[in-house]
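Have a look at the structure below before the remarks.
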Amino acid sequence: MMMSFKRQRCNFLKQVLNCGEVGRKFVALMSSTLKEMRNGGVSAGVRDLYVEDSSTEDELITPGTFSVASGCTLLRDPRYNKGLAFTEKERDAHYLRGLLPPAILSQELQEKRMMHNLRQYEVPLHRYTALMDLQERNERLFYKLLIDNVEELLPIVYTPTVGEACQKYGSIFRRPQGLYVSLKDKGKILEVLKNWSEKNIQVIVVTDGERILGLGDLGCQGMGIPVGKLSLYTALGGVRPSACLPITIDVGTNNEKLLNDEFYIGLRHKRATGKEYAELLDEFMHAVKQNYGEKVLIQFEDFANHNAFDLLEKYSSSHLVFNDDIQGTASVVLAGLLASLKLVGGNLADHTFLFLGAGEAGTGIAELIALEVSKQTKAPLEETRKKIWLVDSKGLIVSSRMESLQPFKKPWAHEHEPVKGLLDAVKAIKPTVLIGSSGVGKTFTKEVVEAMSSLNEKPLILALSNPTSQSECTAEEAYTWSKGRAIFASGSPFDPVEFEGKVHVPGQANNAYIFPGFGLGLIISGAIRVRDEMLLAACKYIYIYIYIYDNVDLTSLCLGKKHKNIYLCFDAAEALAAQVTQENYDKGLIYPPFTNIRKISANIAANVAAKAYELGLATNLPRPKDLVKCAESCMYSPVYRSYL
Ligand SMILES: O=C([O-])CC(=O)C(=O)O
Ligand SMILES: [Mg+2]
């Protein structure tokens, strides 16, 4: 082994420490033994390091060993492999001679070549598989690509292509990614978690695959979603890849097509429900806490409504949980709404909201808006909810339907006569803002958009359902049918649209703006619970950023000496709004481009962490003085390390 002894010892200690409590005890034992030896011999007899003395003769003992990856093992380890970027010295030191062709490429050149290759693929799914292969081959290069080309690659690793990948996950399956917990593992989930080689997990994204984007029940094949979300945690939020754990819980699927698909990778039976489901989830939640401690963030993703609300409520007092579809989407939409006021006028309280879809996203957004208006106007929440209306598959949610409504819909059942379809609801409620969150595509018809345009000079239309195929309408439809007057944003990306000589740029109202920075904030503060105030802190940051991202140094603005909390920051941003270029607003853009997302994430993280400290929920003490700097310094960088 040619690696220096100092480095070997350092790596060894890291590996041992990664083994949790046992590792730490081992190191403590070793160092006290070494100390004793240095002080003139072993004092109280030789320690039984490998438990040899206390075991019987026929028990197998494996002495502690460690190895430093080299040769083929190193090339096959995606975390450390650099491919052709290994230098001459590294090739000598790590037994790589002959295993690589002679050329040495810089990481930049590797990146250029990969991007060139990716662009040759016309089918987005081919780009997806090429990127997943890269992630499994050379992790740092994968993240470098994603960070440097975020606008171009987000639609591949994330919505819309990830949706298609999940639909075809069985066919395109190569090396497994993430951890699968299935009904077969009941009673043994802790053991399953222990099979995952990384021990210091900070974020888990978990799905049960029942409502993957707007595509419905994809069972075990939903794994693409936690994998994709966590790659954004790293690329956009700077959380180390080794600290991220994607999990899919397989309780079966009700998707007949998948049940009959010979390539399906999951359990081939209908979904478990009721007690059986609840018990499995409960075992899972306890095993996670037992294995990774109190500070691991569990992000629930794409669960069906009937479980999502219950899980969030059940575990929010005992675990650090966050539902991206309820809370993440709500934050990003509220941020966009606040920003759009600059274009449509008035205060949030002056607007009337109509939702198509009363599930996780719809009711989550509605509640956050009501909360914000209540904070702004000091009116009680019950009052502020009254200007928010929701339509579900049975029509407008009104008080005469109260008896039959699911609990999470009840707060939105206002006094009104029954109304069946969306178009009639638009005519009856006269909303200024129309939000689609039902997961059903093409529901904002020409008539609906025209009705919104006849009621409003600048109708605000948000088509949030994902992927693109489920979008309530396209950007082009929104601009054309409103004769260029709509302010439009969507969950999945759309290209800019030219209408009558003017270019309109649709924003992407997607929770990807929020969750990576939000999670980072929880991590740096060591938060142990999530509170609504933290979400408001995150979403207001986005709004502020939209106002000022072109020309103001956020670090000094947001957490400088004078502006310690987000509300002051909010005021400061409003004061600055007058100085901001109108260029982006002129294009109708109500979200910042993703290009600046790491800076945004660091600032979101700082705001969230600040709230966690303020609420007494942070455990990383003392509180760092400069939280933005702290967040930035914690962020993972994908640049290659030198292995000498
Ligand atoms: O994944 C996305 O693009 C947004 C999201 O959470 C969903 O649609 O469920
Ligand atoms: Mg989701």
Side-chain angles (χ1 to χ4, degrees), residues 124 128 150-151 153-167 169 203-218 221-233 235-237 246-249 298-305 307-309 311-312 321-333 335-336 355-357 359-365 368 435-441 443 462-472 489-494 506-516 518-519 535 538-539 542 591 594 597:
Y128 177 86
V150 63
E151 298 260 359
L153 298 184
L154 216 56
I156 308 295
V157 297
Y158 197 60
T159 182
T161 310
V162 72
E164 189 188 352
C166 289
Q167 288 173 312
Y169 214 69
V203 189
I204 289 173
V205 176
V206 59
T207 187
D208 72 354
E210 190 165 4
R211 196 236 74 200
I212 293 298
L213 307 175
L215 300 170
D217 185 352
L218 298 184
Q221 302 198 163
M223 180 57 103
I225 295 294
V227 168
K229 291 270 174 187
L230 282 164
S231 65
L232 301 201
Y233 258 105
L236 314 189
I247 298 186
T248 296
I249 297 186
I298 304 170
Q299 174 166 318
F300 293 120
E301 193 69 53
D302 292 7
F303 282 76
N305 293 330
N307 291 319
F309 290 100
L311 288 172
L312 188 61
V321 287
F322 166 68
N323 184 303
D324 191 32
D325 304 296
I326 301 173
Q327 299 167 304
T329 305
S331 308
V332 84
V333 170
F355 286 77
L356 177 62
E360 294 156 67
T363 56
I365 302 162
L368 206 63
I435 301 177
S437 60
S438 69
V440 186
T443 38
L462 305 182
L464 300 180
S465 296
N466 296 313
T468 319
S469 60
Q470 307 309 108
S471 189
E472 284 76 6
S490 52
S492 295
F494 281 106
Q508 192 178 349
N510 192 293
N511 47 35
Y513 278 109
I514 293 283
F515 69 78
F518 187 76
L535 289 157
C539 90
I542 296 260
Y591 287 96
F594 271 107
I597 189 71

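Remember, it's 1-based here, ligands and their atoms both numbered in the order they're listed.
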Which residue and atom name correspond to the protein heavy atom nearest atom 4 (C) of ligand 1, and how close is it?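 Checked against all protein heavy atoms, atom 4 (C) of ligand 1 sits closest to N466 ND2, 3.2 Å.
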Give the residue and atom name of whichever protein heavy atom lies nearest to atom 2 (C) of ligand 1, and the separation in Å to one decimal. Y158 OH, 3.3 Å
Which of the atoms in ligand 1, numbered in the order shown and given with their element, are less than 4.0 Å from a heavy-atom of [X]?
{"X": "T159", "result": "3 (O)"}
{"X": "E301", "result": "6 (O)"}
{"X": "K229", "result": "1 (O), 2 (C), 4 (C), 5 (C), 6 (O)"}
{"X": "R211", "result": "7 (C), 9 (O)"}
{"X": "D324", "result": "6 (O)"}

When the ring planes of Y513 and F594 are compared, do they come out parallel, tilted or perpendicular, using 30° and 60° as the limits?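 Rings of Y513 and F594: parallel, under 30°.
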I'd like to verify the contacts: list protein N, O or S atoms under a distance of 2.8 Å from the Mg ion (ligand 2).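 Hits for the Mg ion (ligand 2) below 2.8 Å: E301 OE2, D302 OD1, D325 OD1.
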D302 and ligand 1 - part of the residue with a heavy-atom distance under 4.0 Å: side chain
Are [X] and [Y] linked by a side-chain donor-acceptor pair shorter than 3.5 Å?
{"X": "Y128", "Y": "E164", "answer": "no"}
{"X": "S492", "Y": "T159", "answer": "yes"}
{"X": "E301", "Y": "T207", "answer": "no"}

Can you name the closest pair of heavy atoms from [X] and [Y] and give their distance?
{"X": "Y169", "Y": "M223", "result": "OH-CG, 3.7 Å"}
{"X": "D302", "Y": "L213", "result": "OD2-N, 2.9 Å"}
{"X": "V206", "Y": "F303", "result": "O-CE1, 3.2 Å"}

Spacing of [atom1] belonging to [X] relative to [atom2] belonging to [Y], to within rounding of 0.5 Å:
{"X": "Y233", "Y": "I204", "atom1": "OH", "atom2": "CD1", "result": "11.0 Å"}
{"X": "F355", "Y": "L464", "atom1": "CZ", "atom2": "CG", "result": "8.0 Å"}
{"X": "T161", "Y": "I156", "atom1": "OG1", "atom2": "CD1", "result": "4.0 Å"}

Looking at I225, N511, L215, N510, the heavy atom closest to atom 5 (C) of ligand 1 belongs to N511
